[in-house]
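Data first, discussion second: the structure below is written as structure tokens.
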Amino acid sequence: MTVPNTKPATIVEKQVIQFLRTLRERNASKHTIKAYTGDLKEFTLYVGPRAWAAIDHLTIRGFLAHLYEKGLSKTSVARSLAAVRSLYHWLAQEGVVEQNPAALVATPKLPKKLPRVPTIEEMNTVLDGQMPEIAAFPERDLLMLELLYGCGIRNSELISINLEDISLNAEAILIRGKGKKERYVPFGDSVKSALAPYLPKRQQILAGQRNHLPALLINLRGGRLTTRSVGRIIKKIAIVKGLAPDVHPHTLRHAFGTHLLEEGADLRAIQEMLGHERLSTTQRYTQLSMKHVLQVYDQTHPRAK
């Protein structure tokens, strides 16, 4: 948040600037910082020159009503409230405030939407057989699909993988997740088989360059892929292979977690592989089918036998 030179910063604005600086120092994700910056700018403009003591839960409710009047969705309003709550949590840690009035404001009820997850059969159709003609770099594109579905990693994590992060002997990849947290994710024979034809092609492209790029996944010019280009490539290939038009890299991450769960994997293990801090996130993330729930109940509950 930038402060115009002609206008002195308000008390709230000064603290917001410090809060955002702290988030950067703590290596919060770029997406979080970007979202909080916009949300807290709106909050700063709404409360104006008021002191913290003059801002109560009614003020914050008024702020949310103001956002609704501007046409924001429930999801956006809920995110803004989360940003204000995080700000107050930090203010309390710094000794600026004693109470968090945002905690007294109810979060807007959001519709619970489970993502449409491709079936195991659909994913096998996508991954098996030849890459379609639209694939400009078929060896790389297959590897991307195998990594996203086979390891359950995020798009941003995929493009951050360097060649040295892959251990063929251990069959694991070092993944740099949100907040620069690192974890090792295992991979199977399908990823290993996709690596074999891709690595020589990668070497050919980079052969004429002075500076050898460490990135595992590169474009035909030898540059590191971007999340946008990955999204475009995955969508194009997956649709040709028969998946729904709303498919994107995160769809394959959903499929990874869901299919592991359906096949009997431990939820804690899935949490570790997905890189979730909280188990509750993993529970929301995976699509528990009633068939699976009943199966687990029948196999484990003493009164079900």
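FYI, the numbering just counts along the sequence from 1. Model, not experiment: these values are computed from the prediction.
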Sole residue of Glu277, Glu157, Glu272 in salt bridge (charged side-chain N to carboxylate O under 4.0 Å, His left out) with Arg183: Glu157
Tell me whether Phe63 shares a hydrophobic cluster with Leu104, the cluster being built from Ile, Leu, Val, Met, Phe, Trp, Tyr side chains joined at under 4.5 Å. no
When clusters are formed by joining ILVMFWY residues with side-chain heavy atoms under 4.5 Å apart, either directly or through shared neighbours, do Leu206 and Ile159 land in the same one? yes
Here the pair of heavy atoms bringing Arg26 nearest to Trp90 is NH2-CD1, 4.2 Å
Residue pair Pro118 / Leu243: nearest heavy atoms and the distance that separates them: CB-CD2, 4.0 Å
Has [X] got a side-chain atom pairing as donor or acceptor with [Y]'s backbone, closer than 3.5 angstrom?
| X | Y | result |
| --- | --- | --- |
| Arg140 | Leu217 | no |
| Asp56 | Leu58 | yes |
| Tyr198 | Leu216 | yes |
| Lys241 | Asp128 | yes |
| Arg85 | Asn100 | no |
| Arg50 | Val12 | no |
| Arg224 | Ile218 | no |
| Asn155 | Thr227 | yes |

Any heavy-atom pair between the side chains of [Y] and [X] that's under 4.5 Å?
| X | Y | result |
| --- | --- | --- |
| Ile205 | Phe137 | yes |
| Glu42 | His66 | yes |
| Asp39 | Val84 | no |
| Thr251 | Val117 | no |
| Ile233 | Val230 | no |
| Ile120 | Glu263 | yes |
| Leu81 | Val77 | no |
| Pro108 | Tyr68 | yes |

Test side chain to side chain contact (heavy atoms under 4.5 Å, CB included), reference Arg253, set Leu274, Leu158, Thr258, output is Leu274
Taking the basic N atoms (NZ, or NE/NH1/NH2) and the acidic carboxylate oxygens, is any pair closer than 4.0 Å for Glu171 and Lys192? yes
More than 12 heavy atoms of other residues, nucleotides or ligands under 6.0 Å from CD of Gln18: yes or no? yes
